[in-house]
Each structure stands twice: as C-alpha cells, then as structure tokens.
Number of protein chains: 2
Amino acid sequence: MPTQGATQIRATGLELSVRETEPACCVPAQGKETLLATEAEALALRFKALADPNRLRILSIVSSSENAETCVCDLAEPLNLGQPTVSHHLKIMVEAGLLNREKRGVWAYYSLVPGALGSLAATLIPKD
Amino acid sequence: MPTQGATQIRATGLELSVRETEPACCVPAQGKETLLATEAEALALRFKALADPNRLRILSIVSSSENAETCVCDLAEPLNLGQPTVSHHLKIMVEAGLLNREKRGVWAYYSLVPGALGSLAATLIPKD
DNA sequence: TCGAAACATCGATGTTCGTCGATATCTAGT
DNA sequence: ACTAGATATCGACGAACATCGATGTTTCGA
C-alpha cells in the first residue's frame, strides 16, 4: 500500500496546496513516457547476456580471434569451464542477438553479430 | 605458449598429423590477451546493474526528470514496486557507479553519474 | 556400418537475485 | 521530547541462474 501524501500531489497534477514550505519532492516526470515495461524487459534480456564474467570473456575471445570465428573447444579450456557450460553461455548470447552460430561439419563456429554490441551501447548514451 | 600451445595439449600423443585437409579448428587466440578474470568480474558487476527491467526504467525516469534528480517516492508508484524494493535497486546502481545519491532533509535525491553510462558503452564498441 | 569426436540438451544442485513485510534510522516540525 | 514522514536495512521466500555429469544428436572417417 503506497503512502497517501505524495499521491495526492501527483493526482492533481500540479502544486496547488503546496506552498513554499515544501521543496517539491515527489513530483514525478511531467507525464512523459518512461521506458515501457515491455521494452525494458527486452533490453534487460540483452544486458543480462553481458552480466556474466565468463560470457564477457567469451565475447572478448570471439572478437579477438583471427577470423572473428571461434568454436566451442577454443573456449572451454581458457575459461576453465566444462563444454556443456560453454554451450549454455553461447546459446544465451545467440538468443540475445549478440552472436552468430554457423555449423560447419562437426564444428560450430561463433562470431559477433555486426553492430549488435554497438546498438546496445547506443541505448546507453543519453544523446538522441 | 600462444600459437601452438593448445594444439599440443589437445594432441596428447595421438593425432597431430593434421595437414591441409583440416580447417584448423581449435586453434585458440594467438597470444592475444583475453579479458582477465578479474576485469571481467568487475565489468559484469556493472552490466548486472543494467540487467533488470525495473532498474532500466529507474534510469530512464532519473535521466528524463526535470533537474535530473529523483527521489524514491517518485519511483515506487510508476513502477508498481514497494519502497524497500526501489531502495534496493537504487543501492545496486549507486554501488555500480551509475547513480549519485544526495540526501537533503528527509528526501534522498538520485542523479546520473556523468559519463558513467558512456564509459560503460565504450567498453562495448570494438573500437579499432 | 561402426566408432569417434564435437556439440547440444537434460536433470540435478548450490547459489544468487528480486520482492515483500516488518523494523530501524534519520529529519523536520509541533 | 514527541510525532510523522521518508528512506534504509533486515529476514524470508520463491524464482532464476551457473555449473556439472550424463546422455542424445550429428558428422566424418575407417
């Protein structure tokens, strides 16, 4: 249950009963739309893909590899992780749209989705 | 041990007779430093602060507020969250270096740390 | 056709996380 | 000092997560 005081001020929209005694806290964003819940959820999904140390290192390895292509066996060893764990992390980043997966023969090659990290970064800078 | 290092590890006395027939998989990054575990952990901590829908909406509200300052009571209602939950999210983002907290009287005002989001975004762009 | 290798998927487990209610702390005004 | 309001902290609970071992799937070579 929310408290009453601030709610009334908000409901009426402007500063009617509040005199100079109040420093006008709890006056929310002027009706402007904030991030919708659905967009926030989608964005959070992509940041969640970056919110793990091992996934960041995977990205680092993939992006610095020779042809910008890496297979699972290249990752498990330097990260000290089991192969199923690496596959799991890769899947998360593929589903987040950060990595491409291409299967050639027995191997699966992973590469950065061009511009994916850039567009994510663009959502962070306030300028528009 | 960069270039050939992992190859001999994988060999283990069996098949190192691979010639031009193989596309040379499992040849890891040639000596290129990947993200150290400690840096990855620190970076992941900051991305973790962005990996929640409600925290992203809090950032959106804070950054679009009039004076770029918001108090807790401005956030609890539009997000449909309890006050303790909002305080908890704010604390996480303050500890991640994304938000400033300034207490004036009874209220606590939160604002963006200038450049914090920008520097985080900078870690995402491949940057050549 | 069989077996080996690379990778994905499944099931389980211990940990972290988001949320809430209750409570503590801190401040301003009476 | 006392009270009321804003915020922080605490303890608990359910959901989500990272990791692992075991197993399934696919591909290639013998």
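In the text below, chain A, chain B and the rest are named by the order of the sequence lines, each starting its count at 1.
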**Q** So His88(A), base contact, sugar-phosphate only, or nothing? Heavy-atom distance under 4.0 Å.
**A** base

**Q** OP1 or OP2 of dC20(C) sitting under 4.0 Å from any side-chain N/O of Thr85(B)?
**A** yes

**Q** I need the single residue from Asn100(B), Asp74(B), Leu98(B), Leu99(B) that forms a side chain to side chain contact (heavy atoms under 4.5 Å, CB included) with Val62(B). Which is it?
**A** Leu99(B)

**Q** Would you mind reading off the distance between Glu95(A) atom CD and dT9(C) atom P, rounded to a whole angstrom?
**A** 9 Å

**Q** Find the distance Leu45(A):CG to dG18(C):P and express it as a whole number of Å.
**A** 14 Å

**Q** Ile58(A) vs Tyr110(A), test: side chain to side chain contact (heavy atoms under 4.5 Å, CB included). Steps then yes/no.
**A** CA-CA 10 Å; Ile58(A) 287 176; Tyr110(A) 289 86; over 6 Å; no

**Q** Of the candidate nucleotides dG5(D), dA8(D), dA8(C), which contains the atom at the shortest distance from the side chain of Val106(B)?
**A** dG5(D)

**Q** Whole Å only: how far is the CZ atom of Phe47(B) from the C1' atom of dC17(D)?
**A** 19 Å

**Q** Would you be so kind as to tabulate the donor-acceptor pairs closer than 3.5 Å made by side chains of residues 48-56 of chain B, with sequence neighbours excluded?
**A**
from     : atom 1 : to       : atom 2 : distance (Å)
Asp52(B) : OD2    : Asn54(B) : N      : 2.9
Asp52(B) : OD2    : Arg55(B) : N      : 3.2
Arg55(B) : NE     : Ala49(B) : O      : 3.0
Arg55(B) : NH1    : His89(B) : ND1    : 3.0
Arg55(B) : NH2    : Lys48(B) : O      : 3.0

**Q** Might you point out which heavy atoms bring Ile61(B) and Pro78(B) nearest each other, and give the distance in Å?
**A** CD1-CG, 4.2 Å

**Q** In whole Å, I'd like the distance from the NZ atom of Lys48(A) to the C1' atom of dA18(D).
**A** 14 Å

**Q** So which nucleotide from dT7(D), dT9(D), dT19(D) ends up closest to the side chain of Pro84(B)?
**A** dT9(D)

**Q** Consider the side chain of Leu81(A), meaning its heavy atoms from C-beta on, and name the nucleotide among dT19(D), dC7(C), dA8(D) that approaches it most closely.
**A** dT19(D)

**Q** Once you apply a heavy-atom cut-off of 4.0 Å, does Arg104(B) come out as touching a base, just sugar-phosphate, or nothing?
**A** nothing

**Q** Choose from dT19(C), dA18(D), dC7(C) the nucleotide whose nearest atom is closest to any side-chain atom of Ile92(A).
**A** dA18(D)

**Q** Counting side-chain heavy atoms from CB outward, which of dA8(C), dC7(C), dT9(D) is closest to Ser87(A)?
**A** dA8(C)

**Q** Rounded to whole angstrom units, what separation is found between the CE atom of Met93(A) and the C1' atom of dC17(D)?
**A** 15 Å

**Q** Of all the nucleotides listed (dT19(D), dC7(C), dC17(C)), which has the minimum atom distance to the side chain of His89(A)?
**A** dT19(D)

**Q** Tell me, please, whether Tyr109(B) has Arg101(B) positioned over its six-membered ring: NZ or CZ under 6.0 Å from the ring centre and within 45 degrees of its axis?
**A** no

**Q** Can you check whether Tyr110(A) has a side-chain N or O nearer than 4.0 Å to OP1 or OP2 of dA6(C)?
**A** no

**Q** Roughly, in whole Å, what's the span from OH in Tyr109(B) to P in dT7(D)?
**A** 8 Å

**Q** Counting side-chain heavy atoms from CB outward, which of dC7(C), dA8(D), dA6(D) is closest to Trp107(B)?
**A** dA6(D)

**Q** Calculate the interatomic distance between Leu50(B) atom CG and dC17(C) atom P; express it in whole Å.
**A** 14 Å

**Q** Is the closest basic N to carboxylate O distance between Glu95(A) and Arg46(A) below 4.0 Å?
**A** no

**Q** Would you say dT7(D) has OP1 or OP2 under 4.0 Å from some side-chain N or O of Arg101(B)?
**A** no

**Q** If each of Asn54(A) and Gly105(A) is mapped to the nucleotide of DNA chain D with the nearest heavy atom, which maps nearer the 5' terminus, i.e. the 5' end?
**A** Asn54(A)

**Q** Ignoring hydrogens and angles, are the base of dA8(C) and the side chain of Gln83(A) linked by a donor-acceptor pair under 3.5 Å?
**A** yes

**Q** Within the 4.0 Å heavy-atom criterion, would you say Lys91(B) contacts the bases, only the backbone, or no part of the nucleic acid?
**A** sugar-phosphate

**Q** Could you state the atom-to-atom distance from CG of Leu79(B) to C1' of dC20(C) in whole Å?
**A** 16 Å

